[in-house]
Each structure stands twice: as structure tokens, then as C-alpha cells.
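See structure below.
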Amino acid sequence: MSNRNTVTWNSMISVFAKNDRINDARQLFDQMPERNLVSWNTMISGYLYNDQISNAVELFDKMPERDLYSWTLVITCYTRIGELEKARYMFDQLPCMRSPACWNAMIAGYVKNGGVVDARKLFDEMPVRDLVTWNTMLSGYTQNEEMGMALKFFEKMEMRDVVSWNLMVHGFVEVGDMDSAYDFFRRIPNPNVVSWVTMLSGYARNRRIIEARKLFDKMPERNVVAWNAIIAGYCQNSLIDEALQLFKEMPEKNSASWTAMINGFVCVGKLDEARNLLNQMPYKNVAAQTAMISGYIQNKRIKEARLIFNLIKSRDVVAWNTIIAGYVQCGNMDEAVKLFKQMPEKNSVSWNTLLAGFAQGKMDIALRIFEQMGERNLVSWNSLISGFTQNGLYMDALWYFVLMAREGKRPDQSTFASGLSACANISALQIGKQIHNLSAKNGYVSDLFVGNALITMYSKCGRITSAVQVFNDIDGCDLISWNALIAGYALNGYGKEAVQLFQEMKIKGLNPDQVTFVAVLSACTHAGLIDQGLTLFKSMTEDNFVEPLAEHYACIVDLLGRAGRLEEAYQLLIGMPIKANAGTWGALLGACRIHRNLELGKVAAEKLVEFEPCKTSNYVLLSNIHAEAGSWDEVESVRVLMKDKGVVKQPGRSWIEVENQIHSFLSENLTQPRTKEVCETLKMLIGHLRNSGYMPDIT
DNA sequence: TATGCGTAGT
């Protein structure tokens, strides 16, 4: 085989890889009679181009020999999946002289993962910088929305080309400063098609589609990316017909064109049209299929989403995470977990061999690297953990939090927030505290997201002082923080403090929202601050422009009801300008039971059953009301009604944390080892209560 | 003559 022939094969592989036919490219690679070093690099580069990192690394591992191109590629692979430490380790241990491209790959890796400071360090260390180095560093500032720094850097750059200018335009677009973006665009000495596309898609993304179209019409030359940009622009602005028109007109389409159009249809809810396009798409790629999947998921059509998912040839982590999030959203955690477990794990290829080559006496590092490998990313973990929390499976959320730590994945603010929320809901104070410590160790001491979750966790665990402490430590509390602490005060019986905090918040210039009012009104209710509660309720619409929801009415009905002003409560309820819900009637019923108003109680209980026909406790309440009134016929009719509706009693469940162990109790389930003790203690307590003159309501 | 690494656009 002549060398010339191999070069032809290599070119073919490259063309296939860059035109949505990565599998065909691989077939060529496997079939070619003679492979040289460039063939291997081309194939790896093809995988990288198609975001198939594990395939790329697998091939790298098998290479008979490697050159600087190979090393640079694999460094880029690792930075692409956020494995900076691994990339840097390779960069430091390179067996040959580093090329500028190699340095640039490492700097770009830091930049893409938000490590501008590390990027700058390497930039400063670099012996000889080329134009790409300068542009890469500039992109560090523009991509992290540091346009002040970017401008300074740009002005003192030793050399510039059209890429430098395009970066500046893009940076201004990202921060929404379209005037500066256009100013730079205008000043570009020789704008190329990228400059035009950057500017036009900037307009489109900032809802200035007419200006975008004007630029598109004025462009001196248009390539497929330009067409894709204007089509995506129309889609983003919900002008789907215009998008489709251009899609039909465009001279050539690539997978991004199809994906943009499918996405467009998905966004406006036209799933059938989207599906039609996907069927017509010549070489389906994972991005288009994933767009279709999320369309189905948004419309609660999980089965169809799954069918598409099953068809994907090479699933990437985004596809996996999308389908998992779909099952989470529809509450099917079993399937979510099943898929999560099916996600590809460590590659069978001997990473060890590869790493051993480097490790040479540094096996601890090699081992750590090995342990970090795996296809599941942080998004997968977070999706699952927050899914458990959202679906009330708090123990599972905590269990997976632990598993994640065991696999060496570092939690981020989302993981911490979900974990803390799980603790809050089962009052797991000790575990909550541990997660608090862990979050501090991971650098989230004053993180807003984590802080807000901490406030709620400590509040719900009855540690209001710790909640206040967290509140004071957060850098720049937002509305959520204030709401969380006000609700915390309310929950722990500190009505006056809640109202005081509410006033303080208004003085600070924050506008309360509906959540704030639920918190502060319920604080008033529980602290018996009747006049204050009524005044606050009135102020909602009059001073704060917040429309009361049924929840707010429920608070006031509760407030009046507890104070014995039942008739007022009832009048307020039936005069509500919005639809009442179970909560409002439930509040009235509660008050009727305290004040033994059977007449009104019956009305409320009947309404409750109407609203929640499947909830057993409502029937029990209604039955009790009738029993108390001595209407035994009615009691019987409730029993029949329950049977007719097929209402099944849901067993109650509660948790308690003892010495870091969470114990779960299911009513009528005697498998808990200490059930007998618990029941005996309970009996004793009830006896004490009775003796002190309190009649517990144990219905 | 021809192929592979690092910076900008969908």
C-alpha cells in the first residue's frame, strides 16, 4: 500500500466524521489496509468532534504510538468532560517537548471550565505565545462575561486577527450589550462569515429578529451555519413558519439545521411536525433525538420519549440525563434509578495501562484518577437526587448522596440543596449538620443556593438560631432567603419575630411575594396576632400588589376561625373572588372542631370530601362530625360513600433520627424492631396527658 | 497536490 493511498483514506475518515457519519468513519478506519499515526489521530479527532469522548480515549489507549497531536487531542478530551486534573496531569507528564498547541489546549481547557485564573497562570508561564494563545486567553474573559477585563486585554494584545474581534463581539452579545457588540462588529477590519453570524444570532437571541434578518440579507456570503443561525433565530422568537420557509429554501442542510428546526417545533408544542422531521432526517444524530425526547417529556408523553431513546445509536450523557429527568418528572423514580444504573460506567479498556505509563511510582494518583472515571456526570447524580427529594423519597435522596460521595464525585450546590431539603423534610438534624459541614468544606460557605436550603433545614428541624446564623452569613440574601427565615420563625412559633423580619425586609427595599405572605400570615395565625394578620392580608393587594391565592385565604380563615370568629371566616370563604380549595375548607373545618360548631363543620367536611375524594382522612373527619352530632345514619352513609369511591386508607409514615440513624415508622406495620416499646411509651404519655386534663384527639 | 492538535459562529 502506498503512503499516498493511506492519506486518501485519512481524508475520507475526516470528511465522514465531520458530516454526521462518525460510525461510517469508524468503519473506514477499521477496514483500511494500512493505518499510520495520522489515521489514529484523525479517528480520535473525529470522536472528539462528535463529542464521543469515551470512544476517543479508548482509541487513544490502543494506539501503537503517539505524537504531540495525539497528546493534545487527549488533553482536549479530558477538559471537554471537565476532568481538568487528569488533563493537567498528562500535560505535566508529557514524554516530549510541548508544542504551543498543547499549551493552548490546556489553557482552553481551564477557560471552558471557568478556571480563568488557572488559565492566566499557564498563559503567564508559557515561554512562546502565538496568536491562538492570545485569543484563547481573551476568550477566557469574554466567555466568563468579564467584558471589562476583556476590553483591557484586547487593547494590550500584541497581535490580533478576526478571531479576536469576533470574540469581543460575542462577549458583548452574551452580556446583552448589543450597542457595544455592533460597535465592535462595525470596526472589524475584515469581517468574515463568523463575524456576521455572531452578530446576527446575537440580535436573534435578544429578540431583535428583524435586525437579525436584515444582517442575514446583507451578508456577502452565506454558509450553512449562517442559514442555521437565522432559522434558529426565528425558532427562538416563535416564528416557526418563517423558520420552516427558510429551512426549505436553504441550499444545503447539516444535522444542526435539522436539529434547530426540530427544536423549534418542540418549543411551540408541535410535536407531530417535529417527529415528522426527525423521521425524514437522513443521518439522525443524538442532539436531534434528544430534542425530540425532551419535547415528549414536556408534554408528559414519556413512553414515546423512551421509544426514541431506545433508538439512539450512541447515547451521550445529555441523552441519558434527559430521559432520566423525564422519569423523575413523572414521578417514576424506579425507572429513573434503573436507567441511572444502566449508564455506561468505566470503560472496559485498560485505563490502568495508560495511567501506569505515567504513574511510575505514583500509583496513588493513578488510582485516584481511575476512581474518578465514569460516564455519569454531576447532572445525572443531581437529577436523581433532586428527583427523590421532589417525589418525597427523602431516604433515597440521602442514600444516593452518600453513594455519590463514595464514588468520589464532588457535590455541587444543587446536590447540597437537594440533600438538605431531604433532611428538612424528615427532620434529620444530625445528617443535615454533616451536609452543612461538607458544603462548607467544598467552598459553599456563603453560597446563596445552599444557604437558603440550610435555613429551611434548620427551621424544619427546630433550630431557628442556626437558621438565623446561616441567614446572617449568606452573601446577599435574596427573596428566597427572607421567605425561608420568615417561614422558619412561623413554623417554630415565633410569630412576632416573623412579622418583625417581614417589616425589616420591606425597609431593605425587597418586595414580598406570595410565598412571603403565606409565611407571615401563618405566623400571625399561630401566634394569635389577629389584627396584625388581618391588616397584613389587606395590605397584600392595597400596598404590595400581590394577589391573594387560596393559601392566603386559608391562613385568614384559620386566623379568624381559631379566634372563634367562625361566621366571619365562613363569609370570607364564600365571598372569595377566586376558587376555594381543600386548604381553605380544611382550615374552616379545623376551627369548627375546636369551637364545636357542628353545623358549619358539616358544610366544611362535605366540601372537603368533594375536593379530595380520595383522601381517607376527610371521610374520617366527616364521619366524626356526624358522630358528634349523633347523626348515626349519616355516619353510615359516609361509610358507604367511602366504599363506593373505593377509597383505600393510605398508611401514615413518619421518621425519627437517633444517633445518625434514620428510623422510619409505617402505621400498622409492626416490623419496626422497637414497635412494642414505642407503643407502650405512647400509652404512658397519653395517660400523663389525660391526667393533666388534656384529651388527645387520636382519631 | 492530498490527512491529524489548540482560538471565534448554528
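Residue numbering restarts at 1 for every chain, and letters A, B, ... go by the order of the sequence lines. All values derive from a computational prediction rather than experimental measurement.
- Side-chain proximity of A:L37 to the nucleotides B:dC5, B:dG9, B:dG4 is greatest for B:dG4.
- Here A:K253 lies out of heavy-atom contact (under 4.0 Å) with every strand.
- The shortest distance between side-chain heavy atoms of A:I308 and A:R275 falls below 4.5 Å.
- Across the protein-nucleic acid pair, A:I22 atom CD1 and B:dG4 atom C1' stand 13 Å apart, rounded to whole Å.
- For A:L48, the listed nucleotide lying nearest its side chain is B:dG6; candidates were B:dT10, B:dG4, B:dG6.
- Aromatic rings of A:F154 and A:W165 (six-membered ring for Trp) have centroids within the 6.0 Å cut-off, being under it.
- Aromatic rings from A:F216 and A:W196 are positioned such that their centres are separated by 6.0 Å or more.
- Between the CG atom of A:L68 and the P atom of B:dG4 there is a distance of 17 Å, rounded to whole Å.
- Side-chain atoms of A:N50 come within 3.5 Å of backbone N or O of A:G46 as a donor-acceptor pair.
- Residue A:Y69 contributes atom OH, which lies 8 Å from atom P of B:dC5 at whole-angstrom precision.
- Side chain A:D161 to base B:dA8: no donor-acceptor pair is found below 3.5 Å.
- In this structure, the nucleotide among B:dG4, B:dT10, B:dA8 sitting nearest to the side chain of A:T42 is B:dG4.
- Contact annotation for A:A260: no contact, since no heavy-atom pair falls under 4.0 Å across all strands.
- Judged by distance alone with a 3.5 Å cut-off, a donor-acceptor contact links the side chain of A:N223 to the base of B:dG9.
- Summarising the geometry, the separation between CD1 on A:I44 and C1' on B:dT3 is reported as 14 Å, rounded to the nearest angstrom.
- Distance CG (A:N19) to C1' (B:dT3): 15 Å, rounded to an integer number of Å.
- In the set B:dA8, B:dG9, B:dG4, B:dA8 carries the atom at the smallest distance from any side-chain atom of A:V163.
- Closest to the side chain of A:V225, out of B:dT10, B:dA8, B:dT7, is B:dT10.
- Nearest nucleotide to the A:T136 side chain, out of B:dG4, B:dT7, B:dT3: B:dT7.
- At a threshold of 4.5 Å between non-hydrogen side-chain atoms, the residues A:L167 and A:L138 count as touching.
- Minimum atom distance to the side chain of A:V132 is reached by B:dT7, of the listed B:dG9, B:dT7, B:dT10.
- Side-chain atoms of A:N135 and base atoms of B:dG6 include no donor and acceptor less than 3.5 Å apart.
- Each of A:Y49 and A:D67 was assigned the nucleotide of DNA chain B with the nearest heavy atom; the assignment lying further toward the 5' end belongs to A:D67.
- Atom CG in A:L94 sits about 13 Å away from atom C1' in B:dG6, given to the nearest Å.
- Whole-Å rounding puts the A:W103 CH2 to B:dC5 C1' distance at 16 Å.
- For the pair A:M32 CE and B:dT3 C1', the interatomic distance rounds to 9 Å; values are reported in whole Å.
- For B:dG4, the OP1/OP2 oxygens have no side-chain nitrogen or oxygen of A:S45 closer than 4.0 Å.
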